[in-house]
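Following: one structure in structure tokens, then a few remarks.
Each chain gets a letter, A, B and so on, in the order the sequences are listed, and its residues count up from 1. Remember, it's a predicted structure, so these values are computed and weren't measured experimentally.
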Amino acid sequence: MDELSLHILDIVQNSISAKATLIEVKLIDDSKNDKIEIEIFDNGVGMDEEEIKKVQDPFYTTKNFKKVGLGIPLLKQMALSCNGEFKIESKKGEFTRVYASFKKSHPDVPPIGNLKDTILTIILSSNNFDIKFHYRKDNKFFELDTKEIKNILGDIPLNHPEVIKFFKNYLEENFLNLEV
Amino acid sequence: MKLEDLRKIREKVQKEIELREGKARVKIVVGMGTSGIAAGAREVLKTFLDEIEKRNLKDVIVTQTGEKGFASKEPIVVIEEEGKPNIVYGNVTPDIARRIVVEHIVNGNPVSDYVIEVGGK
């Protein structure tokens, strides 16, 4: 995967599979500290220590642990090869938190890529859970909470074509403000 | 554009939904597991959204699901249409997604070259 945004999408899919009702995504792009950080928290089924080990091992995950694919080992390998850190914390029945950081100036760090499309893709399926996005680029930030959106929309589904159209424009405008 | 603008959309959409009892004729489901994402599923999904908007297809919804178990044929797309068997497409690119919208969803002829299963979930 050649975009950090695709890694984010992938880890969020794990949270959805883990039946989370709340998912929090944090992406911090910090030039001053030469660091990019990704944190994904969910209140899904969680994992015990054995499972935490397994999801980080590329050879176990595909065969013995079907719920989670290769995504976690891929992200871990990417972070570690870019002078970053990788952490995964979880408690069975309670939560999972995945953290990855990258040295921003490392030549192997993939671009953040199309974060707008990642957010849009996640919003499409978020009728049954809430997701909070927090994206900070140096001193500018973008936040979105589907709980707030659902309060406004009432029983209109988030994947209604009119709603999607709105979000495309909304994300476009807000991301333009983050540039420069 | 503010989140508050969604209120207007809600009012507008609510009327439409009442008119056709809130049912979508067609549901497009894009597989979004790790292998699907790596193979370009997000771009395929975005293409469906763009085409539906462009053609103003009001009774088609797009959604996503996890791994479908066809890793070698990702991106996978399932078209669920009322009263018809589900059609599963494999190796879908943005170009094929556009063809699926025109040939299958609008004109009712599945794009047979890319169909990998009929009736699957």
Side-chain angles (χ1 to χ4, degrees), chain A residues 1-3 5-14 16-18 61-62 66-75 113-114 116-118 120-127 144-145 148-174, chain B residues 1-18 22-69 71 74-75 94:
Chain A
M1 278 182 232
D2 47 8
E3 289 183 13
S5 298
L6 290 177
H7 284 281
I8 292 175
L9 178 58
D10 183 53
I11 304 297
V12 169
Q13 294 297 330
N14 292 345
I16 299 172
S17 309
T61 51
T62 47
K66 285 222 157 129
K67 270 197 170 166
V68 182
L70 260 177
I72 285 176
L74 282 175
L75 180 62
N114 200 333
K116 280 179 295 195
D117 283 1
T118 282
L120 194 65
T121 305
I122 298 167
I123 288 178
L124 274 181
S125 59
S126 64
N127 285 320
L144 188 78
D145 183 348
E148 195 186 339
I149 293 161
K150 287 175 192 171
N151 281 340
I152 301 174
L153 281 176
D155 52 2
I156 308 290
L158 274 87
N159 59 347
H160 189 284
E162 289 288 335
V163 177
I164 292 299
K165 198 162 113 186
F166 168 83
F167 278 114
K168 277 198 211 166
N169 295 329
Y170 182 77
L171 291 168
E172 194 65 47
E173 276 181 26
N174 278 280
Chain B
M1 197 162 260
K2 294 192 183 101
L3 284 181
E4 278 302 305
D5 295 333
L6 278 170
R7 273 187 214 287
K8 284 176 221 145
I9 292 173
R10 175 184 174 171
E11 283 158 25
K12 187 179 151 198
V13 167
Q14 215 138 34
K15 281 180 201 131
E16 281 173 20
I17 286 182
E18 280 162 17
K23 277 197 175 164
R25 181 179 64 93
V26 183
K27 196 165 148 192
I28 301 173
V29 186
V30 182
M32 205 59 74
T34 302
S35 49
I37 293 170
R42 192 189 63 187
E43 279 60 43
V44 167
L45 184 143
K46 185 71 188 316
T47 306
F48 278 118
L49 294 177
D50 291 345
E51 287 299 306
I52 286 162
E53 186 186 336
K54 209 159 78 187
R55 291 164 197 283
N56 201 20
L57 303 173
K58 290 190 188 294
D59 51 358
V60 179
I61 60 163
V62 181
T63 185
Q64 52 130 319
T65 182
E67 209 77 56
K68 300 290 279 183
E74 295 281 3

- Task: First locate atom CG of L49(B), then atom CG of D117(A), and finally report the distance between them rounded to the nearest 0.5 Å.
- Result: 8.5 Å
- Item | Shortest non-hydrogen contact between Q13(A) and T65(B), atoms and distance | OE1-O, 4.5 Å
- Query: Contact part of E172(A) toward chain B, heavy-atom cut-off under 4.5 Å: side chain, backbone, both or neither?
  - Reply: neither
- Value for CG (D50(B)) from NZ (K165(A)), rounded to nearest 0.5 Å, stands at 12.0 Å
- Relative to chain B, which of L158(A), N114(A), I122(A), I164(A) shows the most heavy atom pairs under 4.5 Å? N114(A)
- Sorted by number, residues from residues 3-11 of chain B in contact with chain A (heavy atoms, under 4.5 Å): L3(B), E4(B), D5(B), L6(B), R7(B), I9(B), R10(B)
- Check I61(B) against P161(A) and note the closest heavy-atom contact, atom names and distance. CG2-CD, 4.3 Å
- To the nearest 0.5 Å, tell me how far I11(A) CD1 sits from T34(B) OG1. 7.5 Å
- Most contact-rich option vs chain B, by heavy-atom pairs under 4.5 angstrom, among L124(A), D2(A), L144(A), is L124(A)
- Which atoms form the tightest heavy-atom contact between F166(A) and M1(B), and what is the distance? CE1-CG, 3.5 Å
- Message: Donor-acceptor check, side chain of Q64(B) to backbone of S125(A), threshold 3.5 angstrom: yes or no?
- Response: no
- Rounded to the nearest 0.5 Å, how far apart are CZ of R42(B) and CD of E3(A)? 4.5 Å
- T63(B) to N159(A) - nearest heavy-atom pair and separation: CB-ND2, 3.9 Å
- Tell me, for V30(B) versus chain A, whether the close heavy atoms (under 4.5 Å) come from the side chain, the backbone, both or neither. neither
- Message: Can you tell me which portion of L6(A) sits under 4.5 Å from chain B's heavy atoms? Options are side chain, backbone, both or neither.
- Response: both
- Message: Taking side chain as everything from C-beta outward and backbone as N, CA, C, O, which of these in K12(B) sits under 4.5 Å from a heavy atom of chain A? Side chain, backbone, both or neither.
- Response: side chain
- Checking N151(A) against chain B: side chain, backbone, both or neither under 4.5 Å from a heavy atom? backbone
- Measure E162(A) against the heavy atoms of chain B and call it side chain, backbone, both or neither at under 4.5 Å. both
- Message: Nearest 0.5 Å, please: how far is NZ in K116(A) from NZ in K46(B)?
- Response: 7.0 Å
